[in-house]
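Indexing begins at 1, ligand by ligand and atom by atom, following the structure's order.
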Amino acid sequence: MRRKRNLEARTAACSAVLAGRLENYRSRADNITGVIDFTRIFGNSNPVRLEIGCGKGRFIRETAALNPGVNFIALEKSENVLITALENSVKEKPPNLRFILGRAEYIGEILESNAIERIYLNFSCPFPKNTDAKLRLTHSRFLGIYRKILVDDGVVELKTDDLPFFNFSVKSLTENGFAPFLNGEPYKNGVTGKILTEYEEKFLGFSKPIYYLTAKKTTRSPV
Ligand SMILES: C[S@@+](CC[C@H](N)C(=O)[O-])C[C@H]1O[C@@H](n2cnc3c(N)ncnc32)[C@H](O)[C@@H]1O
């Protein structure tokens, strides 16, 4: 995708819905120093859910609107993509939704332990080459971070059209302190609560099967 014009200025204009940026990809959380104070941002202590790789943000905007008693944080590494979510949200300024520009690799540095009740992974990039496996958002290096930031009975919820990525995720979750629950069938539109993501709509249009799981954090240590 071509870089959009005036991206920096446009992102800056959306500061009302941007909780911060994690821009120094190579070393550490850069622009956000310390952990995010959800009570300050949201003005309440409602439970917080996190979407990682939110893309253009349709799923999280609609989910937040339907769940005013829950707070939502959406993370996306691509500013070029996130700008759509930011500009759509800034008009509404939903009180229970904020975005972070940055990579999942660093999210553990800015979120407290036991802070998140649910993590959504919607159509995460499957990175099919074995040499790229560590980039998959269900690789053990991410699951360690998720275990830290999730509450004790916290849940990862995953949807994908990519069966090899789904199978990889089931195995990785099982080996890294999560108990995946599979409904045994390819996901049918509506199973997770009717809200489609941009990618989901596209794949359903091609009649592609979609695979779905939820995985609860377990108390046992990863194998
Ligand atoms: C295939 S898109 C899906 C977007 C959206 N969730 C949907 O279902 O329409 C995957 C998104 O995850 C983002 N992403 C991939 N790896 C990431 C990472 N390590 N940290 C944050 N975002 C990431 C990509 O930039 C991309 O926008």
Side-chain angles (χ1 to χ4, degrees), residues 1-4 7 11 18-32 36 49-64 72-89 97-111 116 118-129 131-146 149 156-166 168-169 172 187 189-206 208-213:
M1 190 194 291
R2 240 185 20 181
R3 188 175 160 84
K4 296 193 172 109
L7 208 44
T11 301
L18 189 66
R21 311 165 68 112
L22 281 167
E23 286 192 294
N24 190 342
Y25 294 171
R26 280 176 299 280
S27 57
R28 62 188 171 79
D30 193 22
N31 297 36
I32 302 175
I36 295 188
R49 298 184 179 191
L50 169 70
E51 184 182 13
I52 301 181
C54 69
K56 295 178 182 170
R58 168 171 157 187
F59 169 84
I60 206 71
R61 285 175 48 240
E62 293 186 17
T63 303
F72 294 88
I73 293 279
L75 177 74
E76 170 54 54
K77 71 174 182 181
S78 166
E79 187 169 11
N80 218 24
V81 174
L82 185 67
I83 192 64
T84 303
L86 293 173
E87 289 182 339
N88 284 333
S89 298
L97 172 60
R98 292 293 181 277
F99 295 89
I100 296 176
L101 173 62
R103 296 189 76 107
E105 283 83 339
Y106 302 109
I107 196 74
E109 297 185 32
I110 58 155
L111 297 182
I116 302 294
R118 181 170 289 249
I119 295 174
Y120 298 104
L121 300 176
N122 290 321
F123 299 88
S124 305
C125 305
F127 294 109
K129 285 188 194 158
T131 46
D132 289 337
K134 65 179 186 312
L135 299 175
R136 297 175 194 151
L137 289 176
T138 48
H139 187 272
S140 57
R141 72 189 184 119
F142 290 109
L143 297 184
I145 299 172
Y146 305 163
I149 62 177
V156 171
E157 183 173 320
L158 178 148
K159 282 193 275 185
T160 181
D161 64 303
D162 191 290
L163 189 55
F165 172 70
F166 184 77
F168 168 89
S169 299
S172 185
Y187 164 83
N189 180 13
V191 169
T192 54
K194 304 132 208 132
I195 298 173
L196 301 185
T197 79
E198 279 92 355
Y199 271 70
E200 188 167 9
E201 186 171 55
K202 192 167 80 178
F203 293 135
L204 287 170
F206 301 147
K208 279 193 90 175
I210 288 169
Y211 303 93
Y212 169 75
L213 66 77

Worksheet item: Should Glu200 be listed as contacting ligand 1, given a heavy-atom distance under 4.0 Å as the test?
Response: no

- Proximity flag Leu121 to ligand 1, non-hydrogen atoms under 4.0 Å: no

So NZ of Lys202 and OG1 of Thr197: to nearest 0.5 Å the spacing works out to 9.5 Å

shortest atom 5 (C) of ligand 1-to-protein heavy-atom contact is with Gly53 O, 3.6 Å

Next on the checklist: Counting C-beta onward and ignoring hydrogens, is there a side-chain heavy-atom pair between Phe123 and Ile210 closer than 4.5 Å?
Outcome noted: yes

Nearest non-hydrogen contact to atom 1 (C) of ligand 1 from the set Phe142, Phe123, Phe59 belongs to Phe123

Nearest heavy-atom contact between Thr11 and Leu86 is CG2-CD1, 3.9 Å

Counting from 1 in the order shown, the ligand 1 atoms closer than 4.0 Å to a non-hydrogen atom of Thr197 are 7 (C), 8 (O), 9 (O)

For Glu51, the atoms of ligand 1 under 4.0 Å from one of its heavy atoms are 6 (N)

Next item on the list: May I ask you to check whether Glu51 and Asn122 show a side-chain donor-acceptor distance below 3.5 Å?
Entry: yes

Exercise for review: Answer yes or no: does atom CZ of Phe168 have more than 12 heavy-atom neighbours from other residues, nucleotides or ligands under 6.0 Å?
Suggested key: yes

Glu105 heavy atoms within 4.0 Å reach ligand 1 at atoms 19 (N)

the protein heavy atom lying closest to atom 9 (O) of ligand 1 turns out to be Tyr199 N, 3.0 Å

Note to self: Set out, in order, the CA-CA distance, both residues' side-chain angles and the distance that settles salt bridge (Lys or Arg N to Asp or Glu O under 4.0 Å) for Arg141 and Glu105, then state yes or no.
What the structure shows: CA-CA 8 Å; Arg141 72 189 184 119; Glu105 283 83 339; 3.3 Å; yes

Under 4.0 Å from one or more heavy atoms of Glu76, ligand 1 contributes atoms 11 (C), 12 (O), 13 (C), 24 (C), 25 (O), 26 (C), 27 (O)

heavy-atom search around atom 22 (N) of ligand 1 in the protein gives Lys77 N, 3.3 Å

To the nearest 0.5 Å, atom OH of Tyr211 lies from atom CG of Asp162 at 9.5 Å

Taking every heavy atom of Ile195 against every heavy atom of Glu200, the minimum-distance pair comes out as O-OE1, 3.8 Å

So the atoms of ligand 1 within less than 4.0 Å of a heavy atom of Asn122 turn out to be 3 (C), 5 (C), 6 (N), 8 (O)

Between the NZ atom in Lys159 and the CZ atom in Phe59, the distance rounded to the nearest 0.5 Å is 5.5 Å

Taking only non-hydrogen atoms of Glu198 and a 4.0 Å limit, the atoms of ligand 1 in range are 9 (O)

If we number the atoms of ligand 1 from 1 as shown, the ones under 4.0 Å from a heavy atom of Cys125 are 10 (C), 15 (C)

### Query
Side chains of Thr84 and Lys4: does their closest heavy-atom pair fall under 4.5 Å?
yes

Numbered in order shown, the ligand 1 atoms found under 4.0 Å of a heavy atom of Ala104 are 18 (C), 19 (N), 20 (N), 21 (C)

Note: Leu135, heavy atoms under 4.0 Å from ligand 1, region reported as neither

